[in-house]
Amino acid sequence: MRRVFGVLAALALLAGVGVALLWPGDEPDGSDEVVTISGLIGSEKREFFADPDVVAELQKQGLKVTTDTTGSWLMGESDLAKYDFAFPASLSPAEEIRKQRQIKSEPVRPFYSPLVVLAHRSMAEVLKENGLAGQSSSEPAVWTLKMDAYLKAVQEGRKWQDLKGAGSHNELRGLLFLTTTDPSTSSSGALYLATVSYLANGHQVVSDDAGVGAVKDVVRQVTSVQGDQKTSSDGPFKDFLSGVGNGPVLAYESQMAALTAKGVSTPGGSAGDLVVLYPDTTVFSDHTLVALKPGAEKLAAVLRDDQVLRDLEAKYGFRPQADPGALGKAVQGRQGPAYASDLAAAGVQQAQVPTVAVLNKLINAAKGK
């Protein structure tokens, strides 16, 4: 048989004709043609797109993806003409980009991540002792932050020293607040203001100027108490892990879950010291891909539908829209904080997010404008 293939090859060369010879069992993989597309993404997805397994799977699907990063709320102000897609961390900036560029096609939300609070266990225990946090009796024991009680304590200007049980923890000093990103540049900071305004407005979405006026003092307070704010979600998260600052930090669940899923030790190797608290009222960050050019629509589809990519999304802490249970499988058996396998069962509710126009007014109010 091999002699027959050799003769065929010789005849082809003599005839000046190039042919592809397949040994028995060989098949084309359909990946000869790879299209390169570029996108502007939030920093929280940088490592996902750089992962060699993600790169390889995308190539199998005929795609090579290059990316630049910026804050989600800055994307609309960026030069998007050179990109094939924009991929902010939430729906609101994606909708703003669609409006600006008059894009008719629907954006795709391949995966999402709820906003959570990261704290050291000593902080969580003090919050729990003072009725500001709770812990489930299930295994693993999932922590929640009681947002109404917490916001009331912040509005009252309470300090850590005012709380029962804080006296034995020298690191618990100063005003009680959450560290967040700058809401004018970063999606997580803007979504925090959406949550605060929703709570302060009697668990109703702020929808007009009167509503903005009613909550402007509280959104200003939760922002100004922080001082200087980072422009993207990477900053506060890395500061927290490196021990900069003592207070709890608002982050995407995906940021911490990615470390757990990959078996990365936390600083000092003490995984038990870090706690993920799920605010009982929070916002889910819907990572939303806007196709600016036709080639990007395929990327959106494979990120949503390809099982290999969905498993890799879970590896990076995201919850695939089509397979939200994938995250639980990715962190199962790993050392680290407890994660809610079912957000609804954990008592986590979503706050309604205002329109982009109203949210911009809330951001201005938070900045004292």
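Atom set for the values below is all heavy atoms of this structure, side chains included, hydrogens, waters and symmetry mates excluded. These figures come from a predicted structure and were not determined experimentally.
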Roughly how far apart are N364 CG and N360 CG, rounded to 0.5 Å? 6.5 Å
Return the minimal non-hydrogen interatomic distance between T144 and A346, and the atom names on each side. CG2-O, 3.8 Å
Quick check against the 3.5 Å criterion: does Q321 have a side-chain atom that pairs as donor or acceptor with the backbone of Y112? no
Rounded to the nearest 0.5 angstrom, the OG1-NZ distance for T179 and K230 is 10.5 Å
Has the side chain of E95 got a donor or acceptor atom that lies under 3.5 Å from a matching backbone atom of S92? no
Would you find a donor on one side and an acceptor on the other, under 3.5 Å apart, between the side chain of R334 and the backbone of A261? yes
Set of residues satisfying side chain to side chain contact (heavy atoms under 4.5 Å, CB included) with respect to T223, sequence neighbours excluded: L193, Q229, A366
Does one hydrophobic cluster hold both V290 and V108, with members joined at side-chain heavy-atom distances below 4.5 Å? no
What residues form a side chain to side chain contact (heavy atoms under 4.5 Å, CB included) with A301, not counting sequence neighbours? R304, D305
Would you say that D286 contacts S90 through its side chain, given a criterion of any heavy-atom pair below 4.5 Å between the two side chains? no
Check salt bridge (Lys or Arg N to Asp or Glu O under 4.0 Å) between K216 and all other residues, then give those that pass, not counting sequence neighbours. none
With a 4.5 Å heavy-atom cut-off, do M256 and V116 have their side chains touching? no
Going through the checks in order, is the side chain to side chain contact (heavy atoms under 4.5 Å, CB included) test met by S184 and K367? CA-CA 9 Å; S184 64; K367 292 291 187 176; 4.1 Å; yes
Apply the hydrophobic cluster definition, ILVMFWY joined by side-chain contacts under 4.5 Å directly or through others, and give me every member besides L309. V35, I37, I41, F48, F49, V54, L58, L63, V65, F85, F87, F111, L289, L299, V302, L303, V308, L312, Y316, F318
With the 4.5 Å side-chain cut-off for hydrophobic clustering, are W73 and L115 part of the same group? yes
Audit row: S254, E44, side chain to side chain donor-acceptor pair (under 3.5 Å) steps and yes/no: CA-CA 8 Å; S254 58; E44 68 288 330; over 6 Å; no
Please tell me whether S186 and T181 have a donor and an acceptor in their side chains that are separated by less than 3.5 angstrom. yes
Strictly below 4.0 Å, N to O, side chains only: are D306 and K60 in salt-bridge contact? no
Got a salt bridge between K361 and D209, using NZ or NE/NH1/NH2 to carboxylate O under 4.0 Å? yes
Would the number of heavy atoms belonging to other residues, nucleotides or ligands and lying under 6.0 Å from CD of Q350 be above 12? yes
Is a donor on one side and an acceptor on the other found under 3.5 Å between the side chain of S232 and the backbone of G71? no
Check whether T282 reaches the backbone of P279 with its side chain - one donor and one acceptor, N or O, closer than 3.5 Å. no
The side chain to side chain contact (heavy atoms under 4.5 Å, CB included) partners of S105 (sequence neighbours excluded) come to I103, E297
Checking side chain to side chain donor-acceptor pair (under 3.5 Å) for the pair T281/Y198: CA distance, chi angles, key distance, verdict? CA-CA 9 Å; T281 302; Y198 176 84; over 6 Å; no
Would you check if V353 and L91 make a side-chain contact, meaning some heavy-atom pair closer than 4.5 Å? no
State yes or no: do M75 and L191 share one hydrophobic cluster built from I, L, V, M, F, W and Y residues joined by side-chain heavy-atom distances below 4.5 Å, directly or via other members? no
E33 (side chain) donor-acceptor with G62 (main chain) under 3.5 angstrom: no
From L172 atom CG to H120 atom NE2, the distance as rounded to the nearest 0.5 Å: 9.5 Å
Worked verdict on K262 versus E47 for salt bridge (charged side-chain N to carboxylate O under 4.0 Å, His left out): CA-CA 12 Å; K262 289 181 282 189; E47 291 187 6; 3.6 Å; yes
Does H203 offer a backbone N or O that forms a donor-acceptor pair with the side chain of N201 under 3.5 Å? no
So E313 and R319, salt bridge (charged side-chain N to carboxylate O under 4.0 Å, His left out) or not? Walk me through it. CA-CA 7 Å; E313 289 158 13; R319 294 179 183 251; over 6 Å; no
How about NZ on K159, more than 12 heavy atoms from neighbouring residues, nucleotides or ligands closer than 6.0 Å, or not? no
Give a yes or no on whether K293 atom NZ has more than 12 heavy-atom contacts from other residues, nucleotides or ligands under 6.0 Å away. yes
Considering only heavy atoms from C-beta outward, does the side chain of Q135 approach that of V142 to under 4.5 Å? no
Between T231 and T185, a side-chain donor and acceptor under 3.5 Å: no
List, by chain and then residue number, the residues other than L175 in its hydrophobic cluster (Ile/Leu/Val/Met/Phe/Trp/Tyr, side-chain heavy atoms under 4.5 Å); write none if there are no others. F177, V225
Transitive ILVMFWY side-chain link L163 to V275, under 4.5 Å: yes
When rounded to the nearest 0.5 Å, the distance separating CZ of R220 from CG of L362 is 14.0 Å
Hey, does the side chain of T260 reach the backbone of V331 with a donor-acceptor pair shorter than 3.5 angstrom? no
Using side-chain heavy atoms (C-beta onward) and a distance below 4.5 Å, is H169 in contact with V126? yes
Does any N or O in the side chain of Y278 come within less than 3.5 Å of the main-chain N or O of A340, such that one atom is a donor and the other an acceptor? yes
Apply the test salt bridge (charged side-chain N to carboxylate O under 4.0 Å, His left out) to residues E96 and K99: give CA-CA distance (whole Å), side-chain angles for both, the deciding distance (0.1 Å), then the verdict. CA-CA 5 Å; E96 186 68 10; K99 180 181 177 181; 5.2 Å; no
Would you sort out whether F284 and R109 count as a side chain to side chain contact (heavy atoms under 4.5 Å, CB included), showing the intermediate values? CA-CA 12 Å; F284 293 2; R109 289 170 277 178; over 6 Å; no
Any side-chain heavy-atom pair from S187 and Y192 closer than 4.5 angstrom? no
Hey, could you give me the CG/CD distance between N130 and E125, rounded to the nearest 0.5 Å? 11.5 Å
Any side-chain heavy atom of V358 sitting closer than 4.5 Å to one from D208? no
Kindly compute the distance separating CG (D273) from OG (S122), expressed to the nearest 0.5 Å. 6.5 Å
Hydrophobic cluster identity match, L178 and V219, side-chain contacts under 4.5 Å: yes
Presence of salt bridge, D311 and K329, under 4.0 angstrom: no
Is there a side-chain contact between S341 and Y339 (heavy atoms, below 4.5 Å)? no
Any side-chain to backbone donor/acceptor pair from D84 onto A291? Under 3.5 Å, distance only. no
Heavy-atom pair of closest approach, residues V249 and P236: CG1-CB, 3.8 Å
Is there a side chain to side chain contact (heavy atoms under 4.5 Å, CB included) between T70 and L40 once you walk through the steps? CA-CA 7 Å; T70 190; L40 193 58; 3.7 Å; yes
Would you say that more than 12 heavy atoms from the other residues, nucleotides or ligands in this model lie under 6.0 Å from the CD of Q332, or not? no
